[in-house]
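To find a chain, count down the sequence lines: A is the first, B the second, and so on, and within it residues start at 1. Everything numeric in this text was worked out from a predicted model, so none of it was measured.
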Number of protein chains: 2
Amino acid sequence: MATGRNHRPATRSRGIPEATVARLPLYLRALTALSERSVPTVSSEELASAAGVNSAKLRKDFSYLGSYGTRGVGYDVEYLVYQISRELGLTQDWPVVIVGIGNLGAALANYGGFASRGFRVAALIDADPSMTGKQVAGIAVQHVDDLETIIDTNGVSIGVITTPGGAAQQVCDRLVAAGVTSILNFAPTVLSVPDGVDVRKVDLSIELQILAFHEQRKAADALSGAAAPGPAAPAGDRGEQGPDGDIPAVMPA
Amino acid sequence: MATGRNHRPATRSRGIPEATVARLPLYLRALTALSERSVPTVSSEELASAAGVNSAKLRKDFSYLGSYGTRGVGYDVEYLVYQISRELGLTQDWPVVIVGIGNLGAALANYGGFASRGFRVAALIDADPSMTGKQVAGIAVQHVDDLETIIDTNGVSIGVITTPGGAAQQVCDRLVAAGVTSILNFAPTVLSVPDGVDVRKVDLSIELQILAFHEQRKAADALSGAAAPGPAAPAGDRGEQGPDGDIPAVMPA
DNA sequence: TCTTGTGAACTTGTTCACAGCT
DNA sequence: AGCTGTGAACAAGTTCACAAGA
């Protein structure tokens, strides 16, 4: 996958692999949970298991950040939380706008995990005049006519698009023109953006189609494979699941 | 990520790379749009551009499916739509259950893209008794007590979890025990599943954190890099964006 | 003795560039 | 002449396995 990092291609001394960046939030979540339970220290094995990856990968990932562990002991939880937060840029506050306040937009606005990690919903924007002024998650919806002003006065650099597919490119263009340089796109559309703008795409129907592919293959395997080991699940060991792993996800601008 | 495909590791003759599988839905969407405009044939260059990937990758991807193009001409749109649909298992109907009918669950239930491509919402399930019987997207919500019966009578093999994080593992265990073998998890939790069960995770807060990382780096680059090329976007060419490529995505309830 | 940190091997994915077919 | 299909080069990511250090 190629997460688009097209700007300034050279001069990157301490480049952290994209796959690693994609896992840092996962580690951070696991570490935060440990921190809340006042666990002082954790081994790569334990943390890896909590994050659903294997320990060699985790150690390699951390090695790109520096040497924050202690041999024979493990990692200091609080210290690691801080280092990863800093690396991800979560020690600062990121104002975010959500454009398109339908079912999904409202769901995201109500999502608590937002505020918890450096993100703040600065504004909700919708094109429907009848939505203007309505309170969603305690925030008044504003009309899309004011998009540029909202972006500007709030210093927003991250936008979330939850409009229907047909409106997404247009909204995207306006966001970018107004100064937004990172976009999380929930609309089922491929967005065109200028160089230097990052787009990440979240697409439910694509996820389901990928599951269907594997599901179909399991069914085929069950038919062809002679002696089926058991009903559905042989109850083997627990598998790993990655945020990325497979599908990559982002994209370059 | 590693989409857990732990079952039957060997004996896979016609293995399609995971990265390719992740892009097939993207091609399918672009092809469907062409089909609706009655475009009979398309070149790898055109289709790649519509899907937001480069043409060499697209041709390589299609080569894993077989030789469905015509040299000097391109690909027959209708034929390709059929072949990809078949490969993804979308020529059959997949009943899906959504567990956890909060904001997000309701948003997904209302999502039109579901039915359009082989997926059918067979049931909505929630643990809150006051939700039972309520209509969401034209479907009556059922109580989680009946989960096993619902899975069984509808022959469901794909489940979507949109519960709060705390309930996700428990719901997952019951889904798996009832026979579900593919799970799309929106809860901010790493799910443990037996071998043979696929889990895909969509996590909004992770997506935002990845964007924040890149955003932070752009800011750092702008400071260090002497002459800034322009305001925000140099208005370069249009980049590619992958579904997978990197991380997938949605989120927690 | 225990666990990190990492070179090296390996696997997966991407891009190139061109032969081969229409 | 044009575009697909693909071997081969390349790049990214993962896993192994063990030396180094606490």
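A:E207 has its side chain out of reach of A:L211: every pair of non-hydrogen atoms, C-beta onward, lies at least 4.5 Å apart. In this structure, B:V156 and B:V96 have side chains that are not in contact, with every pair of non-hydrogen atoms separated by 4.5 Å or more.
Note on A:Y75: a side-chain N or O is less than 4.0 Å away from OP1 or OP2 of C:dG5. Proximity of A:N54 to the phosphate of D:dT15: a side-chain N or O atom is located under 4.0 Å from OP1 or OP2. Taking side-chain N and O atoms only, A:K57 has a distance below 4.0 Å to OP1 or OP2 of D:dT15.
Taken from CD in B:E87 to CG in B:L24, the straight-line distance is 7.0 Å, to the nearest 0.5 Å.
Under a 3.5 Å cut-off, the side chain of B:K201 and the backbone N or O of B:V190 do not form any donor-acceptor pair. In this structure, the side chain of A:E46 engages the main chain of A:S43 through a donor-acceptor pair within 3.5 Å. B:N185 places a side-chain N or O within 3.5 Å of a backbone atom of B:T189 that can act as its donor or acceptor partner.
Within a 6.0 Å sphere centred on CD of B:Q170, heavy atoms belonging to other residues, nucleotides or ligands number 12 at most.
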Would you please test A:K57 and A:N54 for side-chain contact (heavy atoms from CB on, under 4.5 Å) and show each step? CA-CA 6 Å; A:K57 200 188 284 185; A:N54 77 39; 3.5 Å; yes
Going through the checks in order, is the side-chain contact (heavy atoms from CB on, under 4.5 Å) test met by B:L184 and A:L204? CA-CA 9 Å; B:L184 182 51; A:L204 168 73; 3.2 Å; yes
Evaluate the criterion side-chain contact (heavy atoms from CB on, under 4.5 Å) for residue pair B:H214 and A:T181; output intermediate values, then yes/no. CA-CA 10 Å; B:H214 292 297; A:T181 46; over 6 Å; no
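B:Y68 has its ring centre less than 6.0 Å from the ring centre of B:Y79.
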Protein proximity profile, nucleotides 6-11 of chain C - base contact B, sugar-phosphate-only contact S, no contact -, cut-off 4.0 Å on heavy atoms: BBB---
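Contacts of B:F62 with the nucleic acid, taken as non-hydrogen atoms under 4.0 Å apart, are absent.
Rounded to whole Å, the distance from CZ on A:R23 to P on D:dG13 is 9 Å. Between the CG atom of A:D76 and the P atom of C:dT3 there is a distance of 16 Å, given to the nearest Å. As rounded to whole Å, 15 Å separates atom C1' of D:dG13 from atom CD1 of A:I16.
Residues from residues 34-50 of chain A with heavy atoms under 4.0 angstrom of DNA chain C, sorted by number: A:S43, A:S44.
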What N/O pairs connect the protein and nucleotides 9-11 of chain D at under 3.5 Å? Give each pair on its own line.
none

